[in-house]
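Here it is, the structure in full.
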Amino acid sequence: MTSVSALRGVPQSFHHRLQLPAIAARNFNQGFRSKGFRLHARYSSAQDQFSSRLQTSIENLPKLLEDIVQTSINTGPRGPIRLAQGIQAFIGVGREWLADVTKSANSSPGLPTELQLGLLSPIYLRRLFERMGATYIKLGQFIASAPTLFPPEYVEEFQKCFDQAPPIPFEEIKRIIQDDLGRSIDSVYEYIDPIPVASASIAQVHGARLRGSQDDVVIKVLKPGIEDILVADLNFVYIVARILEFLNPELSRASLVSIVKDIRESMLEEVDFYKEANNIESFRRYLEDMGLTRQATAPKVYHHCSTRRVLTMQRLYGVPLTDLESISSLVPSPEASLITALNVWFGSLLACETFHADVHAGNLWLLRDGRIGFLDFGIVGRISPETWAAMDVFLASISTEDYESMASALIQMGATNNDDLDTEIVIATGREGRSGSTAVAANIVVDERQMNKLFLDVLRVSESYGLRFPREFALLMKQLLYFDRYTRLLAPNMNMLQDQRISIVSNRRNKYRDGFR
């Protein structure tokens, strides 16, 4: 050890250099201990988090198993049959994918993204859904109509998921009608057209004439076994969602199981024609209460020959609101007819128990007597007065470019949890949404896929700024886009949201009547 006397006369700077290694070692030890402590803290935190999740999973496991067992019991023998059909559909689409992979490999060195994803890519998943039948076609349509819940690539691809199916034999239709009505078909109907008016995955529609009254009607018949198939398929989807949430609790934040429950409830309502009949009657009462029966109508339901699987309705004759040539031959002012349709639909948002949530051209007609006909009430929506009040402000602010009001409405609708939402964000969203959709909106020949693309453009821009719209908003906006299409066809110079002839929701009877004068 060096003595202090031995260092006398040595420059002070040299003393300092001798001390540096010791200081460095001490600092290193302190730093190492500090980092080690932080690493230990992080490890302990992760370990605690893992232990907490494991404990939660163990606690939730009995409930998961109980759900799986109960759901399997409710599904019944249809479950294994649908599983076999699912495997067959999976193999069929898998062969298509392999063929496309082989073709692509022969023509180019790299595989396109859609092929790399396999059957999970939008195009092959859509094909699989179509092969699986009614439930998955409806599920595909739900994906296509819910851009706030699903990735845009899937929403766009599932626009092609058409609900068309080969008709079932007429003899089988007659058997279902007779079994459900409990009496001879000839005692109820004078005539039923054996050629269906339409055939979808869930139901088939035939024209007919009632015995006695001689009224022209249409008979909507639920296809045989379809309810069992829906229950089996939706129970399977529910079990998968429960297992996924159990394995990855983060998915519960996205409300995966809740979304599946909503889909299940919505689909099962479509196969209960009592509920559709109630929706129709509710809308007809709204028209009567508001004094609008001379302006619009919905089919009358014949309850004496309607059941849960058979719905007999008045047959309406007319043309879709997209048929400008035919409309011009029926009424002197197509614009006036459009204004009537808008006022009736807007009024139903609050004055009716439900509103028509699928006003595409096949469901909204101009009838031969000049009235507006609302058809097919299988899909309806419900909206609270509070949500519509915010929506009303939002729509008005779009027209006037009042971005402060728009920001306030977004907060009220729940599109953002930020009470201090920057108005500049809303301005940017509005401007980018308009600039991105001008080419689509200006085109007269706009089909449903283009309407959804326009909606997706707006949502992409909005969500890029952190805005999330509630489900009711998406449903309403979809209908407004349909009406925007009709406006550009029938009244290209009219501003749907600013025109004083259009009453955008008031449940006061006199205001509705003023809107139709």
Side-chain angles (χ1 to χ4, degrees), residues 145 159 292 295-296 318-349 355-375 391-392 394-402 406 429-459 461 473-505 512 514-517:
S145 63
Q159 305 303 325
L292 303 178
Q295 287 80 30
V319 296
L321 280 193
T322 50
D323 190 346
L324 179 58
E325 184 177 349
S326 297
I327 289 173
S328 299
S329 68
L330 290 172
V331 292
S333 174
E335 182 176 294
S337 297
L338 174 62
I339 290 170
T340 296
L342 283 163
N343 277 321
V344 170
W345 184 81
F346 274 126
S348 70
L349 293 180
F355 65 89
H356 199 302
D358 196 20
V359 291
H360 64 71
N363 291 339
L364 193 61
W365 286 9
L366 177 69
L367 305 181
R368 290 176 183 174
D369 61 10
R371 293 186 297 172
I372 298 297
F374 288 81
L375 288 70
M391 182 76 176
D392 193 8
F394 182 81
L395 292 173
S397 61
I398 290 175
S399 301
T400 59
E401 298 190 9
D402 180 357
M406 196 183 298
T429 302
R431 286 176 178 167
E432 289 185 41
R434 284 201 310 274
S435 63
S437 61
T438 301
V440 177
N443 187 355
I444 288 181
V445 185
V446 181
D447 62 17
E448 185 171 351
R449 295 180 201 170
Q450 289 174 299
M451 303 300 288
N452 280 282
K453 185 178 184 303
L454 172 59
F455 189 20
L456 281 171
D457 287 342
V458 174
L459 286 172
V461 175
F473 178 87
L475 197 59
L476 284 167
M477 282 296 293
K478 182 76 176 291
Q479 312 316 308
L480 290 177
L481 289 174
Y482 282 129
F483 279 116
D484 181 67
R485 175 190 183 187
Y486 306 143
T487 299
R488 295 181 185 281
L489 283 167
L490 305 178
N493 297 321
M494 185 179 78
N495 186 318
M496 182 174 68
L497 300 179
Q498 288 186 328
D499 197 294
Q500 294 299 311
R501 295 169 294 176
I502 299 170
S503 303
I504 301 185
V505 179
Y512 284 124
D514 291 344
F516 293 104
R517 288 176 183 171

What residue pairs, at least two apart or across chains, pass salt bridge (Lys or Arg N to Asp or Glu O under 4.0 Å) with a residue in residues 318-341?
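Only Glu335-Arg501 qualify under salt bridge (Lys or Arg N to Asp or Glu O under 4.0 Å).
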
Where do Leu292 and Val344 come nearest, in terms of heavy atoms and distance?
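The pair with the smallest heavy-atom distance is CD1-CG2, 4.2 Å.
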
Shortest non-hydrogen contact from Leu375 toward Gly362:
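Nearest pair, atom of Leu375 first, then Gly362: CD2-O, 4.5 Å.
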
Non-hydrogen atoms of Asn343 and Ser503 that approach each other most closely:
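Answer, listing the atom of Asn343 first, then Ser503: OD1-N, 2.6 Å.
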
Is it true that a side-chain atom of Tyr486 and a backbone atom of Leu342 form a donor plus acceptor pair closer than 3.5 Å?
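Pair absent, no side-chain N/O of Tyr486 close to backbone of Leu342.
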
Could I get the full list of side-chain contact (heavy atoms from CB on, under 4.5 Å) partners for Thr487, not counting sequence neighbours?
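With sequence neighbours excluded, Thr487 shows a side-chain contact (heavy atoms from CB on, under 4.5 Å) to Leu338, Met494, Met496, given in chain and number order.
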
Would you name the heavy atoms of Pro334 and Ser328 that are closest together and state the gap between them?
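Nearest heavy atoms, Pro334 then Ser328: CG-OG, 3.9 Å.
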
With distance as the sole test, does Gln479 use its side chain to make a donor-acceptor pair with the main-chain N or O of Ala357 at under 3.5 Å?
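Checking the backbone N and O of Ala357 against the side chain of Gln479, a donor-acceptor pair under 3.5 Å is found.
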
Any idea how Phe346 and Phe483 line up, ring-wise: parallel (<30°), tilted (30 to 60°), or perpendicular (>60°)?
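Ring orientation, 0 to 90° scale: parallel.
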
Full working for side-chain contact (heavy atoms from CB on, under 4.5 Å) between Thr322 and Tyr482
CA-CA 10 Å; Thr322 50; Tyr482 282 129; over 6 Å; no

Where Gly370 and Val331 come nearest, the two heavy atoms and their spacing:
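The pair with the smallest heavy-atom distance is CA-CG1, 4.1 Å.
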
For the pair Asp358 and Asn363, evaluate side-chain contact (heavy atoms from CB on, under 4.5 Å) and give the outcome as yes or no after the intermediate values.
CA-CA 7 Å; Asp358 196 20; Asn363 291 339; 3.6 Å; yes

Roughly how far apart are Ile502 CD1 and Ile339 CD1, rounded to 0.5 Å?
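The distance works out to 5.5 Å.
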
According to side chain to side chain donor-acceptor pair (under 3.5 Å), who are the partners of Ser333, at least two apart in sequence or on a separate chain?
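By the side chain to side chain donor-acceptor pair (under 3.5 Å) rule, Ser333 matches no residue at all.
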
Quick one: does His356's side chain have a donor or acceptor within less than 3.5 Å of a partner on Leu364's backbone?
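Checked: no pair found.
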
Would you please test Trp365 and Phe374 for side-chain contact (heavy atoms from CB on, under 4.5 Å) and show each step?
CA-CA 7 Å; Trp365 286 9; Phe374 288 81; over 6 Å; no

Got Leu367 and Ile372 here, is their nearest side-chain heavy-atom distance under 4.5 Å?
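Contact flag for Leu367/Ile372 side chains = no.
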
